[in-house]
Structure formats: structure tokens, C-alpha cells
Protein chains: 2
Amino acid sequence: MELGVFEDKFEESYKRNEFITFFCKCKIVYSGRAEASLGKGDRLVSVKQDGTIFVHQPEGGNPINYMKSGGSIVIIKQDYGVLFKAHNSATREYLELEISRVYEFMARKLDDGQKQIIAGTEADMSDMIKDNPSLINDDFKPLSREEHTKFGFIDVFGHDKKGTLVVVECKRYVAGLDAVQQLRRYVEKIKELKGTDKVSGILASPKISPNAEAMLKNWGFSWKLVNPPMRLIRHNKTQKALDAFLS
Amino acid sequence: MELGVFEDKFEESYKRNEFITFFCKCKIVYSGRAEASLGKGDRLVSVKQDGTIFVHQPEGGNPINYMKSGGSIVIIKQDYGVLFKAHNSATREYLELEISRVYEFMARKLDDGQKQIIAGTEADMSDMIKDNPSLINDDFKPLSREEHTKFGFIDVFGHDKKGTLVVVECKRYVAGLDAVQQLRRYVEKIKELKGTDKVSGILASPKISPNAEAMLKNWGFSWKLVNPPMRLIRHNKTQKALDAFLS
DNA sequence: TACTACATCTCGCAT
DNA sequence: ATGCGAGGTGTAGTA
């Protein structure tokens, strides 16, 4: 595409707050929370309707460069082509694309008021545990869930028949050292606040790393295998399918 | 765009491993690490040359749905339009788009062999501290940097004139409770390994949260204000510019 | 491959 | 606004 045409189209679409996206060859410089530069290559550039910008290389999961909404973009003609300057004065970030060619260009006003509904999160997991406390222990009595305190928030909090307080930390996948320390912090704080040593800590997750398990035991905590709700279903399904297949 | 045309174009471009991107109206279902659904709306859909997929709503920084490379895509004609089915058998993930309209379509083979050069990371920060130990303390002698051990890796490790071992943990932005606990873990492990209590912990960051600072002091550690290298330069530049402006 | 920690993380929620 | 933790986190680096 001729760069003059690109300039005009971009200006017009940008003014209208359209979703703009184009393939181009460019060099990139970013300055802000870090400093980054990227030599000349072909990329996809998108400008969303709220001003969010992202640049994708032909491969890889993440944008190579991006800017959050709240900035402004100007297009300036240069001898080598076109300079695409994005600036966010609030965050003092710059993103500059030295565009030497534009291959294809699309822009359109998109209409979408939908929000995603999601299941199988850590919150669902703590819900499940509160509703089915035997997943943790036969005499576990949950009292609260997702309780925010000033030192963090506790996924599930309760006690057992002997009156020992119980703190449960959930992880939806492999629990690592960080999860153990999170649990440790909560248990210590509860002990401090309640003035008792009778507080037990339980880590609930589908897996735990060996180092994390060692540290957990070292601190007198325990681990309970719990799958996040939908993962459990899927796993069972798969198991059955596998069992049937193998039998 | 007529959906039959879209089907043909998509099939052809997908076969050629081109970077495909289009605006469409669709409903979305995801199943895999969680279960998610999203009602009908206008979105940008992209398929990268390695098979990475992402779907963007008109606003917001992150893709609302995505799939990593390694899967496959099929397009199936339906009464309501076209079903876009992405499946990754290795991870057992599905992403299905019920596409009712396609507004615009682009596809092209992009050529890009460049890798981004970046400065101002935490690694740069620990480099800077190792080269300028006075940023931490006048008698700090660094011994190693980014040392990986089996219990974690320590950003900067050294000692002072009195022979006390020193562990430095860097954070490029606000240090929170997690950073303090990370430091705590390293210090405890070093004490255990060396069989000494003479190990001090220092957290180096541009900021620290109040709770984190309280916890830090409670554990006998200390905080040192250190900016990541490029942030320091920018800040000083800005300060000068502001001073000049205000004077 | 598994584990660990960083990320221009982003995002939401509660204080 | 800030603090805090989750995320379908992703990604790199190392054992």
C-alpha cells in the first residue's frame, strides 16, 4: 500500500476510534518501564478502539510491543517512510515505529458488549471446598472464604472439632515455594492475631513441587490433593476414556 | 464478506502458513485449563504463522481468548455461518468460534528474524549492583550474581567487612510481601547451609509497600532504594527538565 | 521435562 | 490511588 494512502486512512480511522490493524515492515523503539529496540521486520500492528496498541511478530504468543490505553498517536512523514509515534504522558512511555512499508490495512468500528463467563478458577475451587469441606478433612468446618485481611486474603478459613484453627490456601495448578510461603504468612498472622499456636495450614492443589512439599513439611503444614472443579470432571472423563481404551 | 469466500481464503492462507487476521461477529467457547464462554459480539481474530491464535475484543489490553501454537484448526460450514474449531490434543484444549459474519480479512506471509534488545530488567539491576556495590552499602563486597541454587536463585550475594554474609533481592518496581518472603527464604537457606546466623538480607527496589516494610523490619532485614538502571537515567532527565521548566 | 522466578506482566477487587 | 493476589498467566533459564 502506498504510504500516503496509509497515512490518510490511518488518520481518518484513528479519528473515528475504529479498530485499526495493518501488516507492515518497521523498526521499533520503546522507552518507558524499560528500554527496548527491535530491528526491521514484518509485523502486525493493531490499535484498539480505546487506544490500546500491540505489535505482533509472525510467531510467538505475546505481543513484542504494546501500550496501554490512555496515550495518543501521531503519524509523521519521513524520508524513509512514516514515523508512528505513540506517547502516554501519564506513564511517560513512548513507542515509535519507523514504518518503511505497509502491506495491508483494515479498520472498522467493532461493537461488542459481552463479558466472558469463566469456570474453574481458584475462586471456584475455594467455593467447592467450602461446600465440600471433607475434600480437606473429615472434621474440617469452614467459616469463611476469600477473606480479605490487611496482610493478604485467605482462600478458606475454618476450624476442626478440637478447636484448632485451619487456614487453607488453594492453587489451581502446581503449588510451588511461593504458595507455601503464602500459607506460612497467613498462619503466622493468624497465630499472632488470635494469640494461639493452634493454627494448622493446609495447601490444596492438584500437584505440588518436591521442594515445596519439603518446605511445607518442615513447617508442619500439610498438602491435600484437590482438583479445581471443572478440571476434576475433565480428568475423570479422561481417566474413564483411558481406562476403557486400555482395557 | 461472503462466508463462502471467507472459508476459501482462510483454508488457502492457513495451508500456506500465512499470518491471518480478520474482523468478525462470533460466539466463543473455550475448554481446557478452564471453561469459558462469551456471547455474540464483534472481534478481531488472528492466526499467526506458528498456529498461535488470539481473539481481541474492541477494547482492553489482553486477548479475550487464545491458543498456543501446536494445535490445528478446521473450518466447518453451519446453518448459522461458520464454525472455527481449534484443537490442541497435547494440552486437551478447545477453542470454538461460531462465526456469523466476517467483515474484513487479511492474510500474508510475514518475514521477521529480529529479536528485541531490552534494558532495565531485574537482571540489569543486579548487574548494576554487582558493579556498583556502594548502591547497597559502603562495605558491601559482592561475590556472585543471579546465582541459581537448588533452593532458588539469589540476585546478588556477597559479604561485608565484618564477614557477615549478605543476600540482596532486587525488584524493578514496588517490592511487596512476596518479595520479603523470597528474601526471607534465601536468608534462611543460607543460614542453614553455612551453619551461621550472620546473614543479612537486603531488599533493593525503587519502592516498598508499607506492609512489606513492616514485615521486613520485623525479620531484621533492611530496604535500600535502588532504581533499575534505565529508570534512574530517565528519572534524572525528567527531574532536570522539570526543574528547568519550573525555574 | 520439571522447577523457579521474571514480566514494559495485566487485571480485578478491596482498602 | 495503592496494595495484594490471581491468571486458561507466558516465557526464559537451569538442573
Side-chain angles (χ1 to χ4, degrees), chain A residues 30-36 52-54 60-69 88 91-95 115-116 118-126 146-155 169-179 182 185-186 207-213 228 230-231, chain B residues 30-36 52 54 60-69 88 91-95 116 118-126 146-155 169-179 182 185-186 207-213 228 230-231:
Chain A
Y30 165 78
S31 172
R33 288 183 286 196
E35 307 275 343
T52 302
I53 303 163
F54 50 89
N62 278 345
I64 191 72
N65 288 104
Y66 57 90
M67 293 271 280
K68 285 194 279 193
S69 65
N88 188 322
T91 58
R92 287 208 286 276
E93 289 178 292
Y94 294 85
L95 180 63
K115 284 205 171 177
Q116 189 154 229
I118 195 157
T121 61
E122 199 180 276
D124 294 325
M125 202 170 156
S126 55
E146 299 261 307
E147 192 172 6
H148 286 252
T149 69
K150 61 172 166 297
F151 54 87
F153 83 74
I154 294 174
D155 287 338
E169 172 62 29
C170 304
K171 289 294 161 194
R172 64 188 308 282
Y173 196 48
V174 189
L177 297 170
D178 53 340
Q182 218 177 310
R185 188 166 78 225
Y186 300 152
K207 279 188 197 171
I208 186 165
S209 74
N211 281 348
E213 190 163 21
M230 128 274 143
R231 178 174 284 272
Chain B
Y30 164 79
S31 172
R33 290 185 285 200
E35 306 276 342
T52 302
F54 51 89
N62 277 345
I64 193 70
N65 287 103
Y66 57 90
M67 293 273 278
K68 285 194 277 193
S69 64
N88 188 320
T91 58
R92 287 207 288 276
E93 288 178 293
Y94 294 86
L95 179 64
Q116 188 154 228
I118 195 159
T121 60
E122 200 180 277
D124 295 324
M125 204 170 154
S126 56
E146 299 262 307
E147 192 173 7
H148 287 251
T149 69
K150 59 174 165 293
F151 56 87
F153 81 74
I154 294 174
D155 288 338
E169 172 61 30
C170 303
K171 288 295 160 195
R172 65 188 306 283
Y173 197 47
V174 189
L177 295 171
D178 53 340
Q182 218 178 310
R185 190 167 77 224
Y186 299 152
K207 279 189 199 171
I208 185 166
S209 75
N211 279 350
E213 189 162 21
M230 124 277 143
R231 180 175 282 273

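Each chain gets a letter, A, B and so on, in the order its sequence line appears, and its residues count up from 1.
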Give the rounded distance in Å between these two atoms: [atom1] of [X] and [atom2] of [N].
| X | N | atom1 | atom2 | value |
| --- | --- | --- | --- | --- |
| A:E122 | D:dG7 | CD | P | 5 Å |
| B:D178 | C:dC9 | CG | P | 13 Å |
| B:M67 | D:dG10 | CE | C1' | 15 Å |
| B:E147 | C:dA5 | CD | P | 14 Å |
| B:E93 | D:dG10 | CD | C1' | 13 Å |
| A:E146 | C:dT15 | CD | C1' | 16 Å |
| B:Y173 | C:dC6 | OH | P | 17 Å |
| A:E35 | C:dA7 | CD | P | 15 Å |

Quick check on [N]: is either OP1 or OP2 less than 4.0 Å from any side-chain nitrogen or oxygen of [X]?
| X | N | answer |
| --- | --- | --- |
| A:R92 | C:dT8 | no |
| B:K171 | C:dC6 | yes |
| B:R185 | C:dT4 | no |
| A:T91 | C:dT8 | no |
| B:R33 | D:dA6 | no |
| A:S209 | C:dT4 | yes |

Could you tell me whether the side chain of [Y] reaches within less than 4.5 Å of the side chain of [X], counting heavy atoms only?
| X | Y | answer |
| --- | --- | --- |
| B:K68 | B:T91 | no |
| A:E146 | A:S126 | yes |
| A:N88 | A:M67 | yes |
| B:E122 | B:D155 | yes |

* **Centroid under 5.5 Å and tilt under 30°, A:F153 to D:dC4** => no

* Determine, answering yes or no, if A:Y66 is stacked on C:dT8 under the 5.5 Å centre rule and the 30° plane rule. => yes

* **Between D:dG8 and C:dA5 - P atom distance, rounded Å** => 22 Å

* Asked: How far, in whole Å, is C:dT4 from C:dT8 if one measures between their P atoms?
  -> 22 Å

For a quick check of understanding: with a heavy-atom distance under 4.0 Å over all strands, which category does [X] fall into, base, sugar-phosphate or nothing?
| X | value |
| --- | --- |
| A:L95 | nothing |
| A:K207 | nothing |
| A:Y186 | sugar-phosphate |

Of the nucleotides [options], which has the atom closest to the [X] side chain?
| X | options | result |
| --- | --- | --- |
| A:N65 | C:dA5, D:dC4, C:dT8 | C:dT8 |
| B:Q182 | D:dC4, C:dC6, C:dT8 | C:dC6 |
| A:L177 | C:dA5, D:dG7, D:dG8 | C:dA5 |
| A:D155 | D:dG7, C:dC6, D:dA6 | D:dA6 |

* **Side-chain donor/acceptor of A:E169 to backbone N/O of A:I154, under 3.5 Å** => no

* Distance-only, no hydrogens or angles: does the B:R172 side chain make a donor-acceptor pair with backbone N or O of A:R33 under 3.5 Å? -> yes

* For B:Y30, enumerate each residue passing the ring-ring contact (aromatic ring centres under 6.0 Å, His included) test, keeping only those at least two apart in sequence or located in another chain. => none

Between the protein and nucleotides 11-15 of chain D, which nitrogen or oxygen pairs come in under 3.5 angstrom?
residue, atom, partner, partner atom, Å
D:dT11, OP1, A:G61, N, 2.9
D:dT11, OP1, A:N62, N, 3.3

* To do: Please tell me which of A:P210 and B:E169 maps to the more 5' nucleotide of DNA chain C, matching each residue to the nucleotide holding its nearest heavy atom.
  => A:P210

* Could you check A:A212 against B:Q116 and say which one's nearest nucleotide on DNA chain C is further toward the 5' end? => A:A212

* In terms of side-chain heavy atoms, does A:D178 have a donor or acceptor partner in B:Q182 at a distance below 3.5 Å? -> no

* Taking only residues two or more places apart in sequence, or in another chain, which ones meet A:K207 in a side-chain contact (heavy atoms from CB on, under 4.5 Å)? -> A:Y173, A:V174

